[in-house]
Protein chains: 2
Amino acid sequence: MDQPPSSLTSTQLTAYFAFTEVSSLLRHAVEQQLRDAGNLSYVQFQLLARLGDSPDGQRRMTDLADGVVYSRSGLTYQAQLLEQRGLVTRAPSADDERSVVVTLTEAGRDILATVFPGHIEALHHLLFATLSDDDVDELARILGRAAEHLRATPPRSAAPRRRKTSPERAAP
Amino acid sequence: MDQPPSSLTSTQLTAYFAFTEVSSLLRHAVEQQLRDAGNLSYVQFQLLARLGDSPDGQRRMTDLADGVVYSRSGLTYQAQLLEQRGLVTRAPSADDERSVVVTLTEAGRDILATVFPGHIEALHHLLFATLSDDDVDELARILGRAAEHLRATPPRSAAPRRRKTSPERAAP
DNA sequence: CTTAGTTGCTTCGAACTCGAAGCACATGAC
DNA sequence: GTCATGTGCTTCGAGTTCGAAGCAACTAAG
């Protein structure tokens with residue numbers, strides 16, 4: 001293996017701190033814009049956006065939760081709120097009675113359409129304004145790789161729920 | 001100014017999504033490590049780390065809050081928890097009776113020392129394992145610039161607390 | 001078919017977070 | 001000095017978050 005990494009290089013530290021700082025500040029700013037523009041929390045926006053991304057505007061709860069890195073119970077709560085506001089509907093899946101399929105409503109699409117331009121603009125102002133095209137390329141490349149790695153890396157030593165039968169199974 | 005940015009390039013979108021995903025996943029993973037290693041939340045660790053960074057192990061509440069992009073009231077709460085655990089002390093500042101100076105205790109330093117190696121290692125595994133030195137350089141450079149920009153950019157149209165002396169209200 | 005184990009979601013309780021309001025000290029104008 | 005205002009922090013209430021436990025439906029094994 002590599003040498004035991006008991007410390008980080010100065011550049012790595014810089015990168016890490018910058019990352020966390022950008023993450024926090026960007027999130028705060030975006031959150032405020034979403035609140036102002038459509039009275040949506042960041043999570044709610046992410047959920048709606050993810051639904052809007054789907055060709056039929058539908059997703060299962062679990063897929064939504066995984067997509068936004070969110071707890072199941074937290075998603076249940078937010079889905080209730082969105083349903084109360086009429087932005088989504090929830091119904092058991094036909095295939096699997098356990099599953100709940102969340103569907104974007106017209107009102108949901110409207111809100112999304114209302115909020116999106118401001119969201120884009122905020123991103124421009126806050127993040128991309130100071131970055132060159134090359135920078136963005138680099139970011140996309142580097143973070144894309146990191147994301148892929150993180151997705152593949154089990155959260156910790158123990159997986160939350162494991163198959164027990166077959167020794168190995170290809171990802172569904 | 002520029003043309004109104006009503007959309008993002010495909011690469012920008014990729015970069016943004018990758019960024020948010022890395023941010024979420026990394027944070028979750030790190031949070032778990034900190035919880036396991038020292039029963040610390042991410043915020044608590046950040047606060048202790050920030051105190052540890054200070055030459056005398058002291059910081060004012062407000063500076064701490066700003067440093068970690070956190071609400072004042074939230075910081076009061078966390079500082080209480082840390083104080084109860086004996087990891088920090090709080091005392092009014094001599095200079096300014098309003099200020100509260102938070103000081104890292106020996107126990108606080110111990111916890112930091114306990115948790116740090118695992119934290120570093122987690123970062124290696126999760127983030128830096130797949131990145132080349134050049135990648136890290138690029139990240140540090142790009143995100144450093146972005147962070148600087150974000151720090152300088154007012155959160156949104158309104159500043160939290162405005163001077164009132166000047167007759168004109170600042171532009172909304 | 002029956003049983004056991006798995007998976008999808010919700011409920012519940014506890015913990016955390018924020019903003020608004022409040023309190024106390026500080027600072028400047030007069 | 002007094003008064004008005006700004007600043008640092010805490011308290012309070014409401015809303016949000018999570019994990020554990022619980023329920024219902026699917027699936028595999030016998």
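Chain letters run A, B, ... following the sequence lines, proteins first, then strands; residues in each count from 1.
- As rounded to whole Å, 8 Å separates atom C1' of C:dT7 from atom CG of A:D96.
- Looking at heavy-atom distances under 4.0 Å, A:R35 makes no contact with the nucleic acid at all.
- Between A:R98 and B:S41, the residue anchored nearer the 5' end of DNA chain C, judged by the nucleotide with its closest heavy atom, is A:R98.
- The environment of CG in B:D133 is sparse: at most 12 heavy-atom neighbours from other residues, nucleotides or ligands sit within 6.0 Å.
- Between B:D135 and A:R145 there is a salt bridge, since at least one side-chain N of the basic residue sits less than 4.0 Å from a carboxylate O of the acidic one.
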From CA spacing to verdict: side-chain contact (heavy atoms from CB on, under 4.5 Å), B:Y42, B:V68: CA-CA 10 Å; B:Y42 189 60; B:V68 300; over 6 Å; no
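- One interatomic measurement links the two molecules: CG of A:N39 to P of C:dG19, which rounds to 14 Å at whole-angstrom precision.
- More than 12 heavy-atom neighbours from other residues, nucleotides or ligands sit within 6.0 angstrom of CD on A:Q80.
- A side-chain hydrogen bond (donor to acceptor under 3.5 Å, both in side chains) with B:D66 is found for exactly one of B:R151, B:R59, B:R72, namely B:R72.
- Between A:Q80 and the phosphate of C:dT11, there is a side-chain N or O to OP1/OP2 separation shorter than 4.0 Å.
- Protein atom CD of A:E31 is 11 Å distant from nucleotide atom C1' of D:dT16, rounded to whole Å.
- In this structure, A:Q46 places its CD atom 11 Å from P of D:dT17, rounding to the nearest Å.
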Chi angles and distances behind the side-chain hydrogen bond (donor to acceptor under 3.5 Å, both in side chains) call for A:S99, A:S93: CA-CA 5 Å; A:S99 291; A:S93 164; 5.1 Å; no
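- Straight-line distance from the CG atom of B:L82 to the C1' atom of C:dA15: 15 Å, rounded to whole Å.
- Closest to the side chain of A:V43, from the set C:dT7, D:dT17, C:dC25, is D:dT17.
- Rounded to whole Å, the distance from CD on B:Q44 to C1' on C:dC16 is 10 Å.
- B:F116 and B:L51 fall within a single hydrophobic cluster, where Ile, Leu, Val, Met, Phe, Trp and Tyr side chains are chained together by heavy-atom contacts under 4.5 Å.
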Stepwise side-chain contact (heavy atoms from CB on, under 4.5 Å) check, A:R50 with A:L64: CA-CA 7 Å; A:R50 212 161 183 88; A:L64 279 176; 4.0 Å; yes
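- Of all the residues in residues 50-65 of chain B, B:R60, B:M61, B:T62 reach under 4.0 Å from DNA chain D with at least one non-hydrogen atom.
- A donor-acceptor pair under 3.5 Å is formed between the side chain of A:T20 and the backbone N or O of A:F17.
- Each of A:E97 and A:L81 was assigned the nucleotide of DNA chain D with the nearest heavy atom; the assignment lying further toward the 5' end belongs to A:L81.
- In this structure, B:Y42 atom OH and D:dC18 atom C1' are separated by 18 Å, rounded to whole Å.
- Heavy-atom distances under 4.0 Å link DNA chain C to B:Y70, B:S71, B:S73, B:Y77, B:Q78 of residues 70-79 of chain B, given in residue order.
- Between the CZ atom of B:R27 and the P atom of D:dT17 there is a distance of 12 Å, rounded to whole Å.
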